[in-house]
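Read the structure below first, then the notes.
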Amino acid sequence: MPGLVVLYGSIVKKKWAVNSAFMALYSFASSLIVWVLLAYRMAFGERLLPFWGKAGPALGQSYLIKRASMPSTTHFFHNGTVESPMTEPFYAQATLVIFEFMYAAITLILLAGSVLGRMNIRAWMAFSPLWLLLSYTVGAFSLWGGGFLYQWGVIDYSGGYVIHLSSGVAGFTAAYWVGPRLKCDRERFSPNNILLMIAGAGLLWLGWSGFNGGAPYAANLTASVAILNTHVCAATSLLTWTCLDVIFFGKPSVIGAVQGMMTGLVCITPGAGLVHTWAAILMGLFSGSVPWFTMMILHKKWSLLQKVDDTLAVFHTHAVAGLLGGLLTGFLALPELSSFDLPISGEKGVFYGGGLIQIFKQLMGALFVILWNIMATTTILLSIGWFIPLRMPDNELMIGDDAAHGEEAYALWGDGEKFDATRHETIVHNGAAGDNTVQQQLSNLGARGVTIQL
């Protein structure tokens with residue numbers, strides 16, 4: 001979360017730095033309260049529907065201090081006997097509640113990247129807890145909490161579908177309904193601080209060790225493999241994206257390198273603890289090239305992608321990379337590693353004898369996630385739109401942070417102030433006539449620089 005807050009505050013135009021960082025910070029806070037009140041048990045509690053758990057609080061100490069468990073994750077053979085028992089990590093339920101919340105909060109913050117630079121902050125304040133409750137919990141229960149996709153054998157080790165495909169599709173849908181940024185912002189949206197952007201990206205990369213390393217719910221063999229694969233894939237993807245930038249544009253883009261890092265982290269997520277490390281390199285080559293192609297080439301040729309203003313290209317970096325990772329995991333999942341983590345015995349990738357049925361499962365799982373997120377995101381936004389405008393008015397979009405929050409990111413003298421020619425002339429004339437220099441008089445007025453008219 002800190003990495004994304006820093007990244008969002010620096011990768012956008014200066015006038016949107018405060019708003020972008022605050023949208024991420026607000027999402028984290030609001031979603032945590034909803035999570036402990038209702039959403040955790042909807043995602044990991046007892047089964048209510050094949051795709052949803054029973055809502056309930058995760059607040060009482062009698063519940064939180066007992067051994068962690070996911071009651072719907074027991075998997076049965078066709079004859080009704082137990083094939084794999086329910087997931088019961090060796091720590092308290094409170095630990096599992098906060099750990100799973102981090103996934104949920106990150107999903108929302110990633111989604112926010114699609115609507116930066118124009119979404120009404122009040123609409124976002126209403127949208128974020130509702131989306132967590134009505135959309136995220138469905139994907140989490142279906143694929144992780146013991147829902148129908150989990151029982152069927154769709155593989156999503158650490159969130160390629162639950163988190164990244166969901167955030168990419170929901171973000172793209174939200175961007176469609178909210179509407180575009182101003183034309184001047186779409187044409188030029190340079191980062192206000194590239195060095196800080198790199199720092200945020202570095203924090204994000206570091207945090208992914210917990211993202212994928214914590215998925216087995218133990219410090220075990222799978223976690224070790226997952227962490228190594230995560231970093232190898234991200235590094236490969238970053239290098240691949242950078243090389244493509246050099247080949248086609250003549251220069252290595254720092255923003256492109258961050259995008260490549262992100263797609264590598266996303267792509268490896270659904271299979272981090274299930275594949276060989278050489279397979280992580282292969283996935284990195286794909287994640288650094290396929291999303292690059294969809295962003296740099298396909299985006300310019302497909303009218304729908306041009307029409308929808310996806311601010312940080314979340315569709316490409318998360319939806320495309322997440323789907324790609326899920327499909328590659330269906331090919332590359334290793335039987336020995338899969339036996340440690342997956343509920344169905346003998347589950348493995350196509351290259352190890354799993355058959356094309358696994359790819360079919362991966363595709364059907366992705367289709368369900370895509371359709372549910374389109375439907376839920378659309379319903380929530382249209383409902384909010386009856387009461388709160390989804391997009392800021394154009395006159396406020398011209399201003400940015402000061403219009404949305406009454407605050408600006410950088411308190412620099414002269415930034416946003418109107419130039420007073422009369423005052424300037426007085427200073428110059430007095431400086432010419434008196435003993436003090438112009439610079440000294442400017443300093444007496446609290447100025448930190450000299451304005452020069454050419």
Side-chain angles (χ1 to χ4, degrees), residues 1-12 16-44 55-60 63-64 93-140 159 162-164 166-167 170-171 174 178 196 199-200 203-204 206-208 210-211 214 311-312 314 318 376-377 380-381 383-384 387-388 390 392 400-401 404-409:
M1 186 277 286
L4 284 168
V5 170
V6 172
L7 181 65
Y8 280 13
S10 55
I11 201 172
V12 296
W16 291 113
V18 172
N19 180 258
S20 301
F22 180 70
M23 284 177 68
L25 189 65
Y26 173 84
S27 299
F28 189 85
S30 64
S31 56
L32 178 55
I33 302 305
V34 174
W35 187 253
V36 296
L37 288 175
L38 292 172
Y40 171 73
R41 289 198 175 186
M42 294 172 70
F44 297 99
L59 295 170
Y63 176 75
L64 293 174
Q93 189 75 44
T95 302
L96 190 60
V97 171
I98 190 64
F99 176 72
E100 292 295 349
F101 162 71
M102 296 298 173
Y103 287 109
I106 288 169
T107 308
L108 254 175
I109 297 172
L110 294 176
L111 187 163
S114 293
V115 293
L116 298 180
R118 83 282 199 175
M119 187 169 184
N120 186 337
I121 186 61
R122 293 184 295 277
W124 176 255
M125 291 169 72
F127 171 80
S128 56
L130 288 174
W131 188 87
L132 179 81
L133 196 66
L134 302 177
S135 186
Y136 178 82
T137 54
V138 170
V162 175
I163 296 169
H164 300 295
S166 293
S167 62
V178 171
L196 202 59
L203 285 172
L204 193 64
L206 172 67
W208 228 277
F211 201 111
T311 306
L312 298 186
V314 178
H318 293 275
T377 305
I380 295 168
L381 285 172
S383 300
I384 293 173
F387 306 98
I388 307 171
L390 298 178
M392 294 171 64
D401 287 337
H405 304 282
E407 298 163 319
E408 293 184 348

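When all heavy atoms of P129 and M125 are compared, the pair lying nearest together is CD-O, 3.2 Å. L133 and A39 get closest at one heavy-atom pair: CD1-CB, 4.1 Å. Nearest heavy-atom pair, G113 versus V314, reported as atom, atom and distance to 0.1 Å: C-CG2, 3.7 Å. Closest of all the heavy-atom pairs between Y40 and Q93 is OH-NE2, 2.7 Å. Taking every heavy atom of both residues into account, G9 and A17 meet most closely at O-CB, 3.2 Å. Between L381 and A174, the shortest heavy-atom distance links the atoms CD1-CA, 3.4 Å.
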Item to check | Worked verdict on I98 versus L32 for side chain to side chain contact (heavy atoms under 4.5 Å, CB included) | outcome: CA-CA 9 Å; I98 190 64; L32 178 55; 4.3 Å; yes
Item to check | Stepwise side chain to side chain contact (heavy atoms under 4.5 Å, CB included) test for H405 and I121 | outcome: CA-CA 9 Å; H405 304 282; I121 186 61; 4.0 Å; yes
Checklist entry - Can you check side chain to side chain contact (heavy atoms under 4.5 Å, CB included) on L116 and M23, steps first, answer last? => result CA-CA 8 Å; L116 298 180; M23 284 177 68; 3.9 Å; yes
Checklist entry - Run the side chain to side chain contact (heavy atoms under 4.5 Å, CB included) check on R122 and F387 step by step: do they pass? => result CA-CA 10 Å; R122 293 184 295 277; F387 306 98; over 6 Å; no
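L312 has its side chain out of reach of L110: every pair of non-hydrogen atoms, C-beta onward, lies at least 4.5 Å apart. Looking only at side-chain heavy atoms (C-beta outward), H318 and I163 stay at 4.5 Å or farther from each other. Counting heavy atoms from C-beta outward, S128 and Y26 have side chains that approach closer than 4.5 Å. Two residues are said to be in side-chain contact when any heavy atoms from C-beta on lie closer than 4.5 Å; Y136 and V162 meet this criterion. Side-chain contact between L7 and L203 is absent, with no heavy atoms from C-beta onward closer than 4.5 Å. Under the 4.5 Å side-chain criterion, counting only non-hydrogen atoms from C-beta, W131 is in contact with L108. Contact of the L132 side chain with the W35 side chain is registered, since non-hydrogen atoms from C-beta on lie closer than 4.5 Å.
Judged as a ring pair (Phe, Tyr, Trp, His ring centres under 6.0 Å), and not counting sequence neighbours, the contacts of F28 are F101. The ring pair (Phe, Tyr, Trp, His ring centres under 6.0 Å) search around Y8 returns none, not counting sequence neighbours. With sequence neighbours left out, the ring pair (Phe, Tyr, Trp, His ring centres under 6.0 Å) criterion links W124 to F127.
Checked by atom type, the side-chain pair T311/R118 shows a donor-acceptor distance below 3.5 Å.
Here W208 and H164 bring their ring centres to under 6.0 angstrom of each other.
In this structure, S383 OG and L130 CG are separated by 8.5 Å, a value rounded to the nearest 0.5 Å. In this structure, the separation between CE on M392 and CE on M119 is 12.0 Å, given to the nearest 0.5 Å. To the nearest 0.5 angstrom, L204 atom CG is 7.5 Å from I106 atom CD1. Atom CG of residue L390 and atom CD1 of residue I384 lie 7.0 Å apart, to the nearest 0.5 angstrom.
Y103 and F211 have perpendicular rings, their planes meeting at more than 60° on a 0 to 90° scale where under 30° would count as parallel.
Side chain of N19 to main chain of D401: no donor-acceptor pair is present (N/O by atom type, distance under 3.5 Å, no hydrogens or angles).
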